[in-house]
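To keep things clear, I will list the structure first and then write my remarks on it.
All values below were derived from every heavy atom in this structure, side-chain atoms included, with hydrogens, water molecules and symmetry-related copies excluded.
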Amino acid sequence: QVQLVESGGGLVQAGGSLRLSCAASDRTFSSRTMGWFRQAPGKERVFAAAITWSGGSTYYADSVKGRFTISRDNSKNTVYLQMNSLKPEDTAVYYCAAHRNLGFLAGPPKGPWEYGSWGQGTQVTVSS
């Protein structure tokens with residue numbers, strides 16, 4: 001399993017920005033699609049964003065499209081989630097995840113069942 005450690009969460013006012021980081025301790029990082037999911041209190045964990053192993057393709061949930069940007073630095077084994085124009089409804093625990101498969105994927109990697117390793121999560125709270 002890939003070990004993942006998230007950081008960068010916190011409390012921010014609506015309209016503000018945060019950048020989440022996820023550091024991976026695994027030599028296969030540069031060959032894996034990485035994703036960010038979020039879970040609000042009392043709700044299921046849902047897809048937010050994903051980036052393919054090369055960074056050539058990115059995917060976003062409709063709720064964050066245009067406000068969030070996922071990126072990665074394979075030289076640092078790190079994936080990022082830049083979150084701008086934050087809204088109170090973005091409040092959740094954010095989880096970084098590593099895809100089960102290496103390399104090319106057949107379709108958009110939006111299902112949590114596709115990911116085999118998860119970080120511990122980082123809390124993001126957006127006040128109104």
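The distance from atom OG of Ser57 to atom CD1 of Ile70, rounded to the nearest 0.5 Å, is 11.5 Å. Distance OG/Ser31 to CG/Asn101: 12.0 Å, rounded to 0.5 Å. From Gln123, atom CD reaches atom CD of Gln39 across 10.5 Å, with rounding to the nearest 0.5 Å. Taking OG1 of Thr52 as the start and CZ of Arg72 as the end, the distance is 7.5 Å to the nearest 0.5 Å.
Remark: Ala14 engages Pro88, Val126 in a side chain to side chain contact (heavy atoms under 4.5 Å, CB included) (not counting sequence neighbours). By the side chain to side chain donor-acceptor pair (under 3.5 Å) test, Thr28 is found to be paired with Asp26, Arg32, residues two or more places apart in sequence or in another chain being considered. Annotation: side chain to side chain donor-acceptor pair (under 3.5 Å) contacts of Arg67 (sequence neighbours excluded): Asp90. The ring pair (Phe, Tyr, Trp, His ring centres under 6.0 Å) search around Trp53 returns none, not counting sequence neighbours. For the salt bridge (Lys or Arg N to Asp or Glu O under 4.0 Å) test, no residue two or more places apart in sequence or in another chain qualifies with Arg45. Scanning for side chain to side chain donor-acceptor pair (under 3.5 Å) contacts around Ser85 gives an empty result, with sequence neighbours left out. When the salt bridge (Lys or Arg N to Asp or Glu O under 4.0 Å) test is applied to Lys43, no partner is found at least two apart in sequence or on another chain.
Across Ala40 and Thr91, no two heavy atoms sit closer than the pair CB-O, 3.8 Å. Annotation for Pro112 and Trp118: closest pair O-CZ2, 3.5 Å, computed over non-hydrogen atoms. Residues Gly9 and Leu20 share a closest heavy-atom pair of N-CD2, 3.6 Å. Across all non-hydrogen atoms, the minimal contact from Leu4 to Ala98 is CD1-N, 3.7 Å.
Taking hydrophobic clusters as Ile, Leu, Val, Met, Phe, Trp and Tyr residues chained together by side-chain heavy-atom distances below 4.5 Å, Met83 shares a cluster with Ile51. Hydrophobic clustering keeps Val93 apart from Leu81 (ILVMFWY residues linked when any side-chain heavy atoms are closer than 4.5 Å, directly or through intermediates). Note: the hydrophobic cluster containing Val2 also contains Val79 (ILVMFWY, side chain heavy atoms under 4.5 Å, direct or indirect links). Hydrophobic clustering keeps Phe47 apart from Val64 (ILVMFWY residues linked when any side-chain heavy atoms are closer than 4.5 Å, directly or through intermediates). Tracing side-chain contacts under 4.5 Å through hydrophobic residues (I, L, V, M, F, W, Y), one never reaches Phe37 starting from Val124; they form parts of separate clusters.
Other residues, nucleotides and ligands place no more than 12 heavy atoms under 6.0 Å from the CD atom of Gln3.
Sorted by first and then second residue, the side-chain hydrogen bond (donor to acceptor under 3.5 Å, both in side chains) pairs involving residues 8-24 (not counting sequence neighbours) are Ser17-Asn84. Note on residues 55-74: no pairs pass ring-ring contact (aromatic ring centres under 6.0 Å, His included), not counting sequence neighbours. Residues in residues 75-100 take part in these ring-ring contact (aromatic ring centres under 6.0 Å, His included) pairs, two or more places apart or across chains: His99-Tyr115. Judged as a disulfide (SG to SG under 2.5 Å), the pairs with a partner in residues 47-126 (not counting sequence neighbours) are, in order, Cys22-Cys96. Residue pairs meeting the disulfide (SG to SG under 2.5 Å) criterion with at least one partner in residues 47-87, sequence neighbours excluded, are absent.
The backbone N or O of Val5 lies less than 3.5 Å from no partner atom in the side chain of Gln120, so there is not a single donor-acceptor pair. Although no hydrogens or angles enter the test, the distance criterion places no donor-acceptor pair under 3.5 Å between the side chain of Asn77 and the main chain of Ser25.
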Could you walk me through whether Met34 and Phe29 pass the side chain to side chain contact (heavy atoms under 4.5 Å, CB included) test, one step at a time?
CA-CA 8 Å; Met34 298 295 295; Phe29 174 84; 3.7 Å; yes
Apply side chain to side chain contact (heavy atoms under 4.5 Å, CB included) to residues Glu114 and Thr33 and explain how you reach the verdict.
CA-CA 10 Å; Glu114 300 183 58; Thr33 288; over 6 Å; no
